[in-house]
Visitor: 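Dropping the structure in here first, questions after.
Numbering starts at 1 and runs along the sequence shown. When reading the values below, keep in mind they use all heavy atoms of this one structure, side chains included, and skip hydrogens, waters and symmetry mates.
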Amino acid sequence: MSNTSSTSGTSGTSGTSPTSPTPLPSPTPPASSAPPPASASSASTSPGPVTPDDWSALVSAALLGTERRTPPVAMRSGQGGAAALLDAAAVSTVRRRAALRPAPAGERPAPAPADPRPPLPPAARRRLSLLLADRGGAGGSSRRGTAPDLTELLPQWLAAADGYGYRAPEALLPELLDAARARTDLRPAALALAGPRALWLARLNDEWKFALRGVGGPAGFPVGDDPEGVRQQWEEGLFAERVALLTALRRHDPPAGLALLATTWSTERAEDRLMFLDSLREDLSAADEPFLERALSDRSRNVRATAAEFLSTLPGTAFAARMAERAHTCIGLDRTSGTTRIAVEAPHECDAAMQRDGVAPKPPSGRGERSWWLGQLVESTPLDSWRERFAGREPAAIVALPVADDWRTELHDAWCRAAVRQQSADWARSLLGAPGAPSQAAEVSPAGSSRDLTKLLAVLPADERARWVAEFIAAHGLSDAFRMLGVCAVPWAEPLGRAVVDALDIARDAGSYPWSFSGVMGLAERCLDPAAADRLDMLTAVTDEPEGASPGSGGYWSEAFQRLVGTLRLRATMRAELTPPPAAPAPAGETGETGRRTP
C-alpha cells in the first residue's frame, strides 16, 4: 500500500497544467497488466462483478465500514476487506489521474464594462477596506468596551457613497460581493456601488449569482430598444432572472411589463404567478385593473388575495366599489340610543362573490367567522367612502365616535390596516391619537388587537413621525418605543434624538444596567445626528451609583456612553472622508441641485 500510495501521489503531475484538467473515461488496462483472476475462495466473498473503478461504491463501503458492507472488489486469498478496499481506491486514483489531459482553452470572457462614475477619494477607499475587513468580527449589541461596531456602520457608509455617486474600487469588488452575499440587507446598496462590473463578475462565480437577480436596479436587462432580447430572456431565463426582468421592465414601461406577463400567465405555476404578481406592486395604476380583475378568478387563493389587495389600493375601481357596498351595509350611524354611535352588524355568511373578491372564508385559530369577514371587508374599503357614510365627518371625528357592542377594537384594527394599505396620513394620524395621552401606552397594543403601530407611523411624513415618537418617549419612556424608533428617518431629528438621550440618562440615574437598553443604545449609535457627540461628552464620566442601583452600573453606563460618543465621531469622520467629487461646470443658463445622504 505504501508503494501504491506513493505512486498515486506523483502520478497527478498533469494537474499542474496551466489549464484545468478534464477527466477522461478510465481506460481499459492492457491484458498484461490486468489483475489476476480471483480464486474460488475470494469469489465466494465478493458481492459480484463490480469494477474497482466504481468510485461511488468504494466511497459508500468506506463510509459504512467493511464489516457492514462488503467492498465491491475482488479480494485476494487471505486479504481482508479493508485492505482490498484501500488497494482498489489507490488503483482507481492512479488510473483516473493518469487519464487526465489539459483541457482545451476556453473562450475568454468579454472585457468588463466601463463604469464612468468617479472613484472614491483615497481616505474613503481605505475606510471601505477597513469596514469590509472587519465584517467578520464580533458585533451586535452584546459587545463590550468602547470601540465602535464597524459592522453596523457598513450599511450607512454604502448608502452615503451611493448618494455621492461613487463607484467601488475594482480591487474591493470581490470583498464587497462576499459581504452582500452574507448579508441580504447590504445587497441593494452594495450592488449599486459595485455597478455593472458586479454583474460581470457574478457571471463568472456561482457564489455571486444573487447579483443577477436584479437586486439594486434594472441594470443588465434588455428593457430598452431590444424587444427580441426581452422576449428571449422572459421565455428562456431562470425564474429569478425573469422576476428581475419583469421588475425592470415595469419601472421602464409599466404597460409593456404587464403585456409581457400576460403572454405566459396561464401557463405559470401558482407560486410563480404570485411572485410575478408581486412585481407589479411598485407601479400600480388604473391600467392594471383589468388584469387584476381577471386574477381574482385565479385558481390559487394566494394569487386572489394579492390581486384583491392591489385593487383595494387603486381608487375608483369596481372592486373598491363592491367592497364599500358590502362594508357600508354592515357599519353605519346609530342614533336610537340617544347618543350618536357606530352600529356594527357583521356579515352572516361569506358567499361565493365575497370569496372571489379575496375574502378568506376560514378564520385563523381564535377568531370568530363574522368578525374575520368584517375585518377583511373594512380593510379593503376606500377610506374616503366613510366620510359620506358618516354624514361628512372627518377621519378624526369618525375615529372618536363610540362603537356599539364591543366592536371598537375590531373596527379600528381594520381601519389601521386600510390606512397602511392606502397610505392615508389623515387616517393614520387620527388612529394614532395624541402620543402623550395617559391612555396611549395601552393603545399601542389593546387586548385582542392585531394593529401594528409602527406601520401606522411609517405612513406619516418623516418630521411628524419623529415628533410623535419623541413625545411618546417623553410621556411613556423607552420600553414600548424600540420598534417605533426603527421606522424613523436617519439621522434622527433633534426632538427625537434629545428625547432618546434624556430617557437613557434617566435610566442611568435610576441605577439600571445599560444592557437592558442595549437595543436602543445600538440604534442611537447608528441613528443619532453626529453633531450631538460634543453635547454627550458629559455623560461619559463614571457617576456615583444611587442606593439600590445594580452593582457596577455606573461603570457600565460610562462605557456605553463612551462607545456612543466614539461612534458618532467616527460617523462624522466617515462623512468628511466622502467629500463630493468635483462638480462639472453647468452649461450656461442651467443650474441644479443634487440631494445627498450622509451617514
Visitor: If the plane angle is over 60° it's perpendicular, under 30° parallel, otherwise tilted; pick one for Trp468 and Phe472.
Guide: parallel
Visitor: How far apart are the closest heavy atoms of Gln376 and Met323, and which atoms are they?
Guide: O-CE, 4.0 Å
Visitor: Leu374 versus Pro347: any side-chain heavy-atom pair under 4.5 Å?
Guide: yes
Visitor: Between Ala428 and Ala419, what is the shortest heavy-atom contact and its length?
Guide: N-CB, 4.1 Å
Visitor: Can you tell me if Ser380 and Arg421 form a side-chain donor-acceptor pair at under 3.5 Å?
Guide: yes
Visitor: Can you check salt bridge (charged side-chain N to carboxylate O under 4.0 Å, His left out) on Arg483 and Asp452, steps first, answer last?
Guide: CA-CA 10 Å; Arg483 294 185 65 236; Asp452 189 336; 3.4 Å; yes
Visitor: Going by salt bridge (charged side-chain N to carboxylate O under 4.0 Å, His left out), name the pairs with one or both residues in residues 281-291, residues two or more places apart or in two chains.
Guide: Arg250-Asp288, Arg251-Glu282, Asp278-Arg281, Arg281-Glu309
Visitor: Check the orientation of Trp427 and Trp415. Use parallel for under 30°, tilted for 30 to 60°, and perpendicular for over 60°.
Guide: tilted
Visitor: With salt bridge (charged side-chain N to carboxylate O under 4.0 Å, His left out) as the criterion, how do Glu236 and Arg231 come out once you've worked through the C-alpha distance, each side chain's angles and the decisive distance to 0.1 Å?
Guide: CA-CA 8 Å; Glu236 301 177 6; Arg231 183 196 63 78; 5.9 Å; no
Visitor: Are the side chains of Gln156 and Val490 in contact, using a 4.5 Å heavy-atom criterion?
Guide: yes
Visitor: Would you mind listing every ring pair (Phe, Tyr, Trp, His ring centres under 6.0 Å) that reaches into residues 278-309, with sequence neighbours excluded?
Guide: Trp265-Phe291
Visitor: Below 4.5 Å, heavy atoms only, C-beta onward: do Glu494 and Asp529 meet side chain to side chain?
Guide: no
Visitor: Could you walk me through whether Asp413 and Arg451 pass the salt bridge (charged side-chain N to carboxylate O under 4.0 Å, His left out) test, one step at a time?
Guide: CA-CA 5 Å; Asp413 284 0; Arg451 75 188 62 174; 2.7 Å; yes
Visitor: Answer yes or no: is there a side-chain heavy-atom contact under 4.5 Å between Trp234 and Leu246?
Guide: yes
Visitor: So, for Phe517 and Phe482, is the gap between ring centers shorter than 6.0 Å?
Guide: no
Visitor: Would you indicate whether the side-chain heavy atoms of Val303 and Glu268 approach each other to under 4.5 Å?
Guide: no
Visitor: Looking at side-chain heavy atoms only, is the closest gap between Pro395 and Trp386 below 4.5 Å?
Guide: no
Visitor: What verdict does the salt bridge (charged side-chain N to carboxylate O under 4.0 Å, His left out) test give for Glu394 and Arg429, after you've listed the backbone C-alpha separation in whole Å, the side-chain angles of each residue and the deciding distance to 0.1 Å?
Guide: CA-CA 12 Å; Glu394 293 299 313; Arg429 189 178 298 115; over 6 Å; no
Visitor: Side-chain donor-acceptor pair under 3.5 Å between Ser424 and Asp426, yes or no?
Guide: no
Visitor: Between Leu485 and Leu496, is the side chain to side chain contact (heavy atoms under 4.5 Å, CB included) condition met? List the steps.
Guide: CA-CA 9 Å; Leu485 291 170; Leu496 177 57; 3.7 Å; yes
Visitor: Taking side chain to side chain donor-acceptor pair (under 3.5 Å) as the definition, give me every residue that meets it alongside Glu345, ordered by chain and number, with sequence neighbours left out.
Guide: His348, Arg370
Visitor: Heavy atoms only: give me the nearest Leu277-Phe310 pair and the separation to one decimal.
Guide: O-CE1, 3.2 Å
